[in-house]
Q: 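Quick one: the structure is below, questions incoming.
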Amino acid sequence: MEKYICQTCGVQYSESEEVPDRCEVCSEERQYVNPEGQTWTTHEDLVQTKRYQNIIREEEKGLYSITTTPRVGIGQTAYLIQKDGRNVLWDCITYLDQETVDVIRGLGGIDAIAISHPHYYSRMTDWAETFDAPVYLHADDEEWVMEESQSLHFWNGESMKLSENLSLHRLGGHFKGGAVLHIENGTEGLLMTGDIIQVVADNQWVSFMYSYPNLIPLPVAKVAEIAEKVDGLAFNRIYNAFHNIVTTSADKVVRDSAERYIRAIQGTLFTT
């Protein structure tokens with residue numbers, strides 16, 4: 001019995017004797033199957049290659065990024081957040097070796113895991129079992145869980161408190177249950193967005209998409225709704241899933257970016 005991992009998205013499946021026929025996560029329009037065909041690996045194979053390592057870096061006080069090099073799956077970054085006497089892992093990555101476990105335990109371990117959307121479910125159950133931590137996922141995305149576990153907890157509604165100053169907010173868009181994590185700190189709050197709100201190449205702007213690899217936009221009404229939902233949150237910086245950061249006035253950046261997006265879709269942004 002093996003736990004197979006899709007090499008394109010990095011999501012792990014429940015134990016099986018046979019290699020799965022296809023990756024359900026990659027076989028729909030928000031993701032893609034490798035043009036050369038569906039391929040699988042296992043975590044044991046990844047470790048045995050001795051090619052991979054996780055880079056853990058302190059981004060600012062109480063915030064650490066965790067990124068695998070070379071890239072595994074989509075290549076997202078996870079973040080360890082220290083707040084209110086708790087350590088919360090935001091989003092998840094596929095690769096987890098003993099060195100990573102030791103470093104994180106040295107930082108106090110993990111008390112809870114919260115994930116923005118299914119593309120970053122990766123090996124969440126193994127992370128949860130390693131650190132004896134619950135995983136919080138929005139119930140709207142339960143159908144995308146490919147490996148069941150007692151560690152998984154599904155929340156409903158528009159928001160959920162993880163602690164006094166840590167809260168999850170469902171924005172939808174990229175996925176129905178797509179969520180962001182708000183770290184309250186007065187006017188210096190942070191918004192951890194995965195790619196529910198995507199920091200773009202010009203990091204003074206963000207954007208919003210149904211599918212990033214296939215360039216399928218969201219409708220105007222949904223983008224306006226997302227902007228409205230975060231408007232009541234105080235945050236100065238945004239960290240996305242690919243280590244891109246809006247470093248200041250991030251609340252205004254979201255408002256301005258939503259307005260620009262809507263004008264572009266409506267055809268009023270352009271003069272040509």
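The structure displayed is predicted, hence computed values, not measured ones. The analysis underlying the following values was restricted to heavy atoms, covering all of them including side chains, and did not include hydrogens, waters or symmetry mates.
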Q: Determine whether Asp102 and Ile104 make a side-chain contact, defined as any pair of heavy atoms from C-beta on separated by less than 4.5 Å.
A: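 No. Closest side-chain heavy atoms not under 4.5 Å.
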
Q: Do you reckon Trp155 sits in the same ILVMFWY cluster as Val145, going by side-chain contacts under 4.5 Å, direct or chained?
A: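 Hydrophobic grouping puts Trp155 apart from Val145.
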
Q: Might you point out which heavy atoms bring Leu89 and Ala78 nearest each other, and give the distance in Å?
A: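 Closest approach of Leu89 to Ala78: CD1-CB, 4.1 Å.
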
Q: Quick one: does Arg260's side chain have a donor or acceptor within less than 3.5 Å of a partner on Ile262's backbone?
A: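 A pair under 3.5 Å: no.
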
Q: Identify whether the distance between the nearest side-chain nitrogen and carboxylate oxygen of Glu60 and Arg237 falls below 4.0 Å.
A: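 A salt bridge is present here (some side-chain N lies under 4.0 Å from a carboxylate O).
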
Q: Roughly how far, to the nearest 0.5 Å, is SG of Cys92 from NE2 of His119?
A: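 His119 atom NE2 to Cys92 atom SG measures 15.0 Å (nearest 0.5 Å).
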
Q: Do Tyr239 and Leu63 make a side-chain contact, defined as non-hydrogen atoms from C-beta onward lying under 4.5 Å apart?
A: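 In contact.
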
Q: Quick one: closest heavy-atom pair of Trp90 and Ala114, and the distance?
A: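 What the structure gives for the nearest pair is CE3-O, 3.2 Å.
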
Q: Is Glu99 atom CD crowded by more than 12 heavy atoms from other residues, nucleotides or ligands, each under 6.0 Å away?
A: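 No, CD of Glu99 has 12 or fewer neighbouring heavy atoms, counting only those of other groups under 6.0 Å.
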
Q: Identify whether Tyr79 and Val101 are in the same connected component of the hydrophobic contact network (ILVMFWY, side-chain heavy atoms under 4.5 Å).
A: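 No.
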
Q: Side chain of Asp84, backbone of Asn165: donor and acceptor closer than 3.5 Å?
A: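 Pair found, side chain donor or acceptor close to backbone of Asn165.
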
Q: According to a hydrophobic-cluster definition based on side-chain heavy atoms being under 4.5 Å apart (Ile, Leu, Val, Met, Phe, Trp, Tyr only), do Val223 and Leu233 belong together?
A: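 Linked, Val223 and Leu233 end up in one cluster.
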
Q: Would you call Tyr121 and Met146 a side-chain contact if the rule is heavy atoms closer than 4.5 Å?
A: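 Side-chain contact under 4.5 Å: no.
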
Q: Would you name the heavy atoms of Gly109 and Phe131 that are closest together and state the gap between them?
A: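 That closest heavy-atom pairing would be CA-CD2, 4.4 Å.
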
Q: Within this structure, what is the OG-CD distance for the pair Ser16 and Glu147, rounded to the nearest 0.5 Å?
A: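 The distance works out to 10.5 Å.
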
Q: Checking Lys222 now: which residues fulfil salt bridge (charged side-chain N to carboxylate O under 4.0 Å, His left out) with it, not counting sequence neighbours?
A: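 So Lys222 forms a salt bridge (charged side-chain N to carboxylate O under 4.0 Å, His left out) with Glu225.
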
Q: Are Tyr13 and Trp40 close enough that their ring centers fall under 6.0 Å?
A: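 Tyr13 vs Trp40: aromatic centres under 6.0 Å.
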
Q: Please confirm whether the backbone N or O of Leu46 pairs with a side-chain atom of Thr49, one donor and one acceptor, at under 3.5 Å?
A: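 Checked: pair present.
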
Q: Just do the side-chain contact (heavy atoms from CB on, under 4.5 Å) check on Leu162 and Leu168 with the steps written out, would you?
A: CA-CA 7 Å; Leu162 291 173; Leu168 300 171; 4.1 Å; yes

Q: Is any NZ, NE, NH1 or NH2 atom of the basic residue among Lys161 and Glu184 found under 4.0 Å from an Asp or Glu carboxylate oxygen of the other?
A: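 Judged by the 4.0 Å cut-off on N to carboxylate O distance, Lys161 and Glu184 do form a salt bridge.
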
Q: Does a donor on one side chain and an acceptor on the other come within less than 3.5 Å for Glu59 and His243?
A: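 Yes, a side-chain donor-acceptor pair sits under 3.5 Å.
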
Q: Would you indicate whether Gln150, at its atom CD, is surrounded by more than 12 heavy atoms from other residues, nucleotides or ligands within a distance under 6.0 Å?
A: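 Count not over threshold, so no.
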
Q: Calculate, to the nearest 0.5 Å, the distance between atoms CG and OG1 belonging to Asn244 and Thr77 respectively.
A: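 Output value for this atom pair is 9.0 Å.
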
Q: Please lay out, stage by stage, how Asn34 and Thr8 fare under the test side-chain hydrogen bond (donor to acceptor under 3.5 Å, both in side chains).
A: CA-CA 7 Å; Asn34 189 312; Thr8 301; 4.6 Å; no

Q: To check you understand the geometry: which heavy-atom pair defines the closest contact between Phe208 and Val206, and what is its length?
A: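 In this case the closest contact between Phe208 and Val206 is CZ-CG2, 4.0 Å.
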
Q: For the residue pair Leu107 and Gln82, what are the closest heavy atoms and their distance?
A: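 Taking Leu107 first and Gln82 second, the nearest heavy atoms are O-NE2, 3.0 Å.
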
Q: Ring-plane angle category for His117 and Phe175, please: parallel below 30°, perpendicular beyond 60°, tilted otherwise.
A: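 Judged by the thresholds at 30° and 60°, the geometry between His117 and Phe175 is tilted.
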
Q: Regarding Asp111 and Asn87, do their side chains bring together a donor and an acceptor under 3.5 Å, going by distance alone?
A: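 Judged by distance alone, the side chains do not pair up.
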
Q: Going by side-chain contact (heavy atoms from CB on, under 4.5 Å), Met192 matches just one of Ile183, Val88, Leu166, Val180. Which one?
A: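 By the side-chain contact (heavy atoms from CB on, under 4.5 Å) criterion, Met192 pairs with just one of Ile183, Val88, Leu166, Val180: Ile183.
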
Q: Can you tell if the side chain of Ser151 reaches within under 4.5 Å of the side chain of Pro134, non-hydrogen atoms only?
A: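 Not in contact.
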
Q: Consider only side-chain N and O atoms of Ser159 and Ser167, and report whether a donor and an acceptor are under 3.5 Å apart.
A: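 No - no donor-acceptor pair under 3.5 Å links their side chains.
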
Q: Look at the side chain of Glu28 and the backbone N and O of Arg30, then say whether any donor-acceptor pair between them is shorter than 3.5 Å.
A: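 Looks like yes, one N/O pair under 3.5 Å.
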
Q: Test of understanding: clusters of I, L, V, M, F, W, Y form through side-chain heavy atoms closer than 4.5 Å, transitively. Do Tyr4 and Leu96 belong to the same one?
A: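 Linked, Tyr4 and Leu96 end up in one cluster.
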
Q: Are Asp195 and Tyr120 linked by a side-chain donor-acceptor pair shorter than 3.5 Å?
A: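 There is such a pair (donor and acceptor under 3.5 Å, judged by atom type) between the side chains of Asp195 and Tyr120.
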
Q: So, taking the atom named CD in Gln7 and the one named CD1 in Ile5, what distance separates them when rounded to the nearest 0.5 Å?
A: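 Result: 9.0 Å between the selected atoms.
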
Q: Between Arg123 and His43, do the side chains contain a donor N or O and an acceptor N or O under 3.5 Å apart?
A: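 Yes, Arg123 and His43 have a side-chain donor paired with an acceptor closer than 3.5 Å.
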
Q: Between Asp256 and Lys252, does any NZ, NE, NH1 or NH2 come within less than 4.0 Å of an OD or OE carboxylate oxygen?
A: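 Here Lys252 pairs with Asp256 in a salt bridge, since their nearest N and O are under 4.0 Å apart.
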
Q: Answer yes or no: is there a side-chain heavy-atom contact under 4.5 Å between His169 and Leu181?
A: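 A side-chain contact under 4.5 Å is absent here.
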
Q: For Glu143, which residues count as a salt bridge (charged side-chain N to carboxylate O under 4.0 Å, His left out) partner, sequence neighbours excluded?
A: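 Here no residue qualifies.
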
Q: May I ask you to decide whether Lys229 forms a salt bridge with Glu158, counting only side-chain N to carboxylate O separations under 4.0 Å?
A: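 Salt bridge present between Lys229 and Glu158.
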
Q: Quick check on Asp21: does its CG atom have over 12 non-hydrogen neighbours (other residues, nucleotides or ligands) under 6.0 Å away?
A: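 Atom CG in Asp21 is not packed in, count stays at 12 or less.
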
Q: Please check this pair: side chain of Asn236 against backbone of Ser249, looking for a donor-acceptor N/O pair closer than 3.5 Å.
A: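 Yes: the side chain of Asn236 pairs with the backbone of Ser249.
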
Q: Do Gln76 and Asp91 get their side chains close enough for a donor-acceptor pair, meaning under 3.5 Å?
A: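 Asp91 and Gln76 do not have a side-chain donor-acceptor pair below 3.5 Å.
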
Q: Give the minimum heavy-atom separation between Ile197 and Asn240, together with the two atoms involved.
A: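 Heavy atoms only, the tightest pair is O-CB, 4.4 Å.
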
Q: In terms of side-chain heavy atoms, does Glu2 have a donor or acceptor partner in Thr42 at a distance below 3.5 Å?
A: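 Thr42 and Glu2 do not have a side-chain donor-acceptor pair below 3.5 Å.
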
Q: In sequence, state the C-alpha distance, the side-chain angles, and the governing distance for His182 and Val230, and then conclude on side-chain contact (heavy atoms from CB on, under 4.5 Å).
A: CA-CA 9 Å; His182 183 223; Val230 301; over 6 Å; no

Q: Could you grab the distance from atom CD of Glu188 to atom CZ of Phe235, nearest 0.5 Å is fine?
A: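 Answer for the CD-CZ pair, Glu188 versus Phe235, is 12.5 Å.
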
Q: Show me the pairs that pass ring pair (Phe, Tyr, Trp, His ring centres under 6.0 Å) and involve residues 49-74, at least two apart or across chains.
A: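 Matches after skipping sequence neighbours: Tyr52-Tyr95.
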
Q: Go through it in stages, so that I can follow the logic: the residues are Arg22 and Val33, the test is side-chain contact (heavy atoms from CB on, under 4.5 Å), and I'd like the CA-CA distance, side-chain angles, deciding distance and then a yes or no.
A: CA-CA 9 Å; Arg22 68 175 193 165; Val33 177; over 6 Å; no

Q: Taking atom CD of Glu29 as the centre, does the number of heavy atoms from other residues, nucleotides or ligands within less than 6.0 Å exceed 12?
A: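 Yes, CD of Glu29 has more than 12 neighbouring heavy atoms, counting only those of other groups under 6.0 Å.
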
Q: Roughly how far, to the nearest 0.5 Å, is the OG atom of Ser65 from the CZ atom of Phe242?
A: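 Rounded to the nearest 0.5 Å, the CZ-OG separation comes to 14.0 Å.
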
Q: With side-chain contact (heavy atoms from CB on, under 4.5 Å) as the test, would you mind laying out the steps for Tyr136 and Ile113 before giving the verdict?
A: CA-CA 6 Å; Tyr136 294 100; Ile113 300 170; over 6 Å; no

Q: Hey, is Lys176 close enough to Asp141 for a salt bridge, meaning N to O under 4.0 Å?
A: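 No, no charged N to carboxylate O under 4.0 Å.
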
Q: Quick check: do Gln198 and Tyr212 have side-chain heavy atoms less than 4.5 Å from each other?
A: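 Heavy-atom side-chain distance check passes, below 4.5 Å.
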
Q: Is any side-chain heavy atom of Ile93 closer than 4.5 Å to one of Val72?
A: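 Not touching, per the 4.5 Å side-chain cut-off.
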
Q: Hey, does Arg105 have a side-chain heavy atom less than 4.5 Å from the side chain of Ile110?
A: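 Not in contact.
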
Q: Assigning hydrophobic clusters by single linkage (Ile, Leu, Val, Met, Phe, Trp, Tyr; side-chain heavy-atom cutoff under 4.5 Å), is Leu80 placed with Val103?
A: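 In one cluster: yes.
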
